Amino acid sequence: MNSESCPFGPSLERYWGRLSSEERRFSLDEEALYSLAIQEVALEISDAILGESVVDAFCGAGGLSIAMARRGKRVIAIDCSAERIRMARENAMVFEVEGEIEFICGDALQLVPALEADAILLDPPWGGTGYGRQERFLLSDFQPDGAELLEAAFASFREVVMRLPKNFCFPEIERLGRSFRIQENRNRDELLHYCVYFFQQANGE
């Protein structure tokens, strides 16, 4: 890929401009580029996860999985797209952490109950670049439904993390009735998105 200009055209230039020189070597397409968690931010998210083993339930092109592996965590990376799994595996090679990640192609909702890890990270699709035009982004706007995903995650994991768009409606999280904290994720003083971190006793007790 050309390191000087965005290979996907000017409409995605701002996403390309956030990438490091290593990330510009990633295997990407347009969707993977605009949905990628850049390493600068993904490492911050990884540092805030207490568990030593993490399920990345919607790994996409692998940004978050790679960052967690770079921080020494054992990662199980899931995506329903075989093409995304291929990209994630190739991208992990850029940082030489492919051996620290188990890649699984499948439906996260079906796979999650059978997986064992300390934590789960949920980063389901937001519906493309048009999500920002919504006044408020709800749990039901995630694909699949965010409330259903959280319910499945709470049933199986002590630590649950979810990436949220910057126009997210936070009363949606408050209504869950669980303890949480919010992290702002920024790049060059630009707010990119948030992460919500839930911590609970084992088995939801």
Side-chain angles (χ1 to χ4, degrees), residues 1-8 12-79 81 83-104 108 117-126 128-129 131-132 159-166 168 181-197:
M1 291 183 177
N2 188 330
S3 61
E4 298 300 321
S5 61
C6 178
F8 304 110
L12 295 180
E13 186 67 47
R14 66 189 180 104
Y15 298 97
W16 183 253
R18 296 170 182 161
L19 302 187
S20 66
S21 58
E22 292 88 356
E23 289 168 302
R24 291 186 179 189
R25 294 164 50 201
F26 278 3
S27 175
L28 298 168
D29 57 19
E30 291 187 16
E31 181 181 349
L33 173 59
Y34 68 68
S35 60
L36 183 73
I38 60 172
Q39 288 299 287
E40 177 185 347
V41 169
L43 289 169
E44 292 179 359
I45 296 170
S46 300
D47 289 341
I49 296 174
L50 302 179
E52 296 181 359
S53 56
V54 187
V55 172
D56 183 357
F58 299 87
C59 73
L64 287 161
S65 290
I66 291 166
M68 290 187 289
R70 291 176 68 192
R71 290 302 198 231
K73 299 182 188 295
R74 180 176 63 83
V75 182
I76 301 172
I78 302 170
D79 203 279
S81 165
E83 177 63 8
R84 288 289 179 269
I85 291 293
R86 180 195 64 77
M87 286 182 176
R89 192 186 303 274
E90 290 185 5
N91 296 341
M93 293 178 185
V94 172
F95 286 96
E96 300 182 346
V97 293
E98 68 276 10
E100 311 306 316
I101 305 171
E102 178 184 357
F103 296 95
I104 302 175
D118 299 326
I120 185 168
L121 190 150
L122 303 173
D123 186 19
W126 300 352
T129 55
Y131 78 90
E159 188 179 358
V160 178
V161 182
M162 191 172 201
R163 191 158 72 128
L164 306 172
K166 58 187 178 182
F168 186 76
R181 69 178 182 84
I182 299 293
Q183 177 189 51
E184 290 187 354
N185 301 125
R186 295 180 174 271
N187 173 249
R188 301 171 189 166
D189 294 325
E190 177 191 3
L191 176 63
L192 300 182
H193 46 74
Y194 299 93
C195 269
V196 56
Y197 296 82

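Source: prediction; values computed, not measured.
Put simply, the residue from E23, E190, E13 that forms a salt bridge (charged side-chain N to carboxylate O under 4.0 Å, His left out) with R18 is E190. A side chain to side chain contact (heavy atoms under 4.5 Å, CB included) with F95 is found for one member of E100, R25, R70 and no other, namely R70.
Remark: side-chain polar atoms of D123 are not paired, donor with acceptor, to backbone N or O of R163 under 3.5 angstrom. Using modelled atom types, one side-chain atom of Q39 and one backbone atom of G63 make a donor-acceptor pair closer than 3.5 Å.
Between the CZ atom of F103 and the CZ atom of R86 there is a distance of 12.0 Å, given to the nearest 0.5 Å. We find the CD1-OH distance between I182 and Y197 to be 9.5 Å, quoted to the nearest 0.5 Å. Separating the CD atom in E44 from the CD1 atom in I49 is a distance of 12.5 Å, to the nearest 0.5 Å. Between the CG atom in L164 and the CD atom in E184 there is a gap of 12.0 Å [rounded to 0.5 Å]. Rounded to the nearest 0.5 Å, atoms CG (N185) and CD1 (I38) are 9.5 Å apart. The OG atom of S46 sits 6.5 Å away from the CG atom of L64 when rounded to the nearest 0.5 Å.
The shortest side-chain heavy-atom distance between F26 and V94 falls under the 4.5 Å cut-off. Using a 4.5 Å heavy-atom threshold, the side chains of F168 and M162 count as separate. Side-chain contact between F58 and R84 is absent, with no heavy atoms from C-beta onward closer than 4.5 Å. When side chains are defined from C-beta on, E40 does not count as touching S20, because their heavy atoms never get closer than 4.5 Å. Residues I45 and L121 meet the side-chain proximity criterion, which asks for heavy atoms closer than 4.5 Å. Looking only at side-chain heavy atoms (C-beta outward), P165 and H193 stay at 4.5 Å or farther from each other. Within the 4.5 Å cutoff, the side chain of L19 has heavy atoms near those of the L33 side chain. Contact of the Y194 side chain with the K166 side chain is registered, since non-hydrogen atoms from C-beta on lie closer than 4.5 Å.
Aromatic ring orientation, W16 versus F8: perpendicular (interplanar angle above 60°, classes split at 30° and 60°).
Scored by the salt bridge (charged side-chain N to carboxylate O under 4.0 Å, His left out) test, E52 finds no partners at all (sequence neighbours excluded). Considering only residues two or more places apart in sequence or on other chains, L50 meets the side chain to side chain contact (heavy atoms under 4.5 Å, CB included) condition with E159, F199.
A pairwise comparison of heavy atoms in N91 and A61 identifies ND2-O, 2.8 Å as the closest pair. Shown here for V97 and A69, the closest heavy-atom pair between the two residues is CB-CB, 3.8 Å. A88 and I66 make their closest contact through O-CD1, 4.5 Å (heavy atoms, listed as atom of the first residue, atom of the second, distance). Residues A77 and I101 come closest through the heavy atom pair CB-CG2, 3.7 Å. The two residues Q183 and A48 come nearest to each other via the heavy atoms NE2-CB, 4.1 Å. Heavy atoms only, all atoms of each residue included: A32 and M87 are closest at CB-SD, 4.0 Å.
Donor-acceptor pairing under 3.5 Å is recorded for the side chains of D118 and S53.
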